[in-house]
Amino acid sequence: MSSDPKNGAHLLVRNLEAQGVEHIFGIPGAKIDPVFDALADSKIKLVVCRHEQNATFIAGGLGRLTGKAGVVLVTSGPGVSNLATGLATANTEGDPVVALGGAVPIADRLKQAHQSMDTVALLRPITKYAAEIDSPSAISEATAAAFRAAESGRPGAAFLGLPKDVMKAPAPGPVLAPARVPRLGAADTEAIAEAARLIDAAERPVVLLGMLASQGAVAEAVRFLLARTRLAVAGTYQAAGVVPRDRLDCFGGRVGLFHNQPADRLLDEADLVITIGFDPVEYDPALWNAGRTRKLVHIDCIPADYDQCYRPDIELMGDSAATLRALSALLKPRERPTQSALLAEIHRERTTVAAEAAKRNGTPVHPLRLVHELQKLIDEDVTLCSDMGSFHIWMARHLISHRPRQILISNGQQTLGVALPWGIAACLAEPGRKVISISGDGGFLFSAVELETAVRLKCNFVHVVWIDGSYNMVGIQQVAAYGRDSGVHFGPVDLVKFAESMGAQGLMIKDADAIEPTLRKAMAMDGPVLVGVHVDYRDNPALMAAMHEDVII
Ligand SMILES: Cc1ncc2c(n1)N[C@]1([C@@](C)(O)[C@](C)(O)C(=O)O)S[C@H](CCOP(=O)(O)OP(=O)(O)O)[C@H](C)N1C2
Ligand SMILES: [Mg+2]
């Protein structure tokens, strides 16, 4: 029996097509099957995944890379509750996602029915918009509202509940074309002029780039600002890649997690800090701004998150790209980077550490040597998707990136398991680019099931697994706090056999000198390739120490 092209599910799908949706990721179920059926008649590619959490990670990765909401489609009850971690991660980290979840018929909503729960109440705290559609005539409006919420301002997650009877009911309503996201203008002219006066008067101003600084137009405007002013700049992990190669002399490096990085010296010495697209979730102001009386200029599309340690003197709220270009035009050009002596010292340290890294031989491999070898492969055409763990700290601090969002890091929820799904997203979003995703041996198994999805999609990515036999990033913190670790060790997995069992290929790196040739070999192979490498984590406790000889880039 063919489905009714005029039912709610078909109207929803026509709205998704109007929104320009090309892929939908999800897991089927009885409460959502009208929509799965309607998709059989659509040009939208339905990608069946192996877990709803990973489907949401893929959608979030697509959102971060394209600025268009990634879409995930799941059944009611546990299908929706499995969205929570992915939606919380996307919402915290500024990634646009629209999640569509099945629901029991409206008449059963208040009963104890199979696979039913108050999903709007469950997801409202971790979304920008959450609603359950209760009438076919509301389908188009609610869909447009969900995309508008997910993609506008500071992007984030939106959820729509889809009761089965509404999806099956006649729904002749109109399709709503996507609402053009209203563009804000630059911030208030007088406020920009006042900010320019403060910055020009400062002796040691420093720019702190945050997650929204890596959004396309904003990143371009930041580069325009740095080209004109040569201001010293630091960045959070999600701002990676904004500083261009020809301004690395102004870049002190990345900050975050522990207040112990070279760029923290820039911030400590600054008499004025200009934050751009900064979200305190990435780097607690209590760590870098406590007790400071210096001037603070906040530039973003939303107001600042005010707290004891973050009270901007000026908030330039508007379209950040327009604001930055207006501000740049008023600022005096500076011949040399401010704090040039300190920057030069940091760059010398960086060179020393890189030379030291190149000499680390043997197996298990030292993280610095692994990062050094990865650096040889990371040119503009490679996208790197990082999972969470001690390895990500070594990479976030030492791996240079050359374009905004070339490196994807979960620096809000710091969620384990994102990397391999993000690798799939990167392959779909940027088919021409090479993709490397990286996880620890703990995080790998959180989403390794999607390796089969990657094989099915013929994704050409290399997934590198740093093997140490533990959840090291929490283990080193336990030892520092309690003098011992607890509950962090687990057993081995044969990655080559695991890969082959999923239809992928697997390689092992036998020692440091084999890193580059093995990775280049993997990058030349078709389809997803797993590459395992045993790492020597003896120096990891130093990641947390108050150390500055370490260098971040
Ligand atoms: C969804 C979720 N569940 C639980 C945690 C998580 N995400 N993230 C971490 C985090 C970032 O929360 C933090 C800071 O390490 C911690 O809480 O200690 S990652 C960390 C494990 C990493 O192990 P892995 O083998 O992958 O990598 P290495 O560190 O290189 O060995 C630990 C388990 N965390 C808790
Ligand atoms: Mg590990």
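In this text, all values refer to a predicted model and were calculated from it rather than measured experimentally. Counting starts at 1 for both ligands and their atoms, following the listed order.
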For Tyr310 and His298, test the side chains for any donor-to-acceptor distance below 3.5 angstrom and give the result as yes or no. yes
Check ion pair Glu500-Lys497 (N to O, under 4.0 angstrom): no
Within the 4.0 Å heavy-atom cut-off, what Leu416 brings close to ligand 1 is both
Just which atoms of ligand 1 are under 4.0 Å from any heavy atom in Val474? 15 (O), 18 (O)
Under a 4.0 angstrom heavy-atom cut-off, which atoms of ligand 1 come close to Asp441? 25 (O)
Logged contact type for Gln477 with ligand 1, heavy-atom cut-off 4.0 Å, is side chain
Minimum-distance protein heavy atom relative to atom 8 (N) of ligand 1: Gln414 O, 3.3 Å
For ligand 1, indicate whether the residue Phe444 contacts it via side chain, backbone, both or neither (heavy-atom separation under 4.0 Å). neither
Can you tell me if Ser470 has an N, O or S atom under 2.8 Å away from the Mg ion (ligand 2)? yes
Which of the ligand 1 atoms, numbered from 1, are nearer than 4.0 Å to a heavy atom of Gly389: 22 (C), 27 (O), 29 (O)
Which of the atoms of ligand 1 are close to Asp468, meaning less than 4.0 Å from one of its heavy atoms? 31 (O)
At a 4.0 Å threshold, what atoms of ligand 1 neighbour a non-hydrogen atom of Gly443? 24 (P), 26 (O)
As an exercise, identify every atom of ligand 1 less than 4.0 angstrom from a heavy atom of Gly442. 24 (P), 25 (O), 26 (O)
Considering only non-hydrogen protein atoms, determine which one is nearest to atom 11 (C) of ligand 1 and report residue, atom name and distance to 0.1 Å. Met388 CG, 3.4 Å
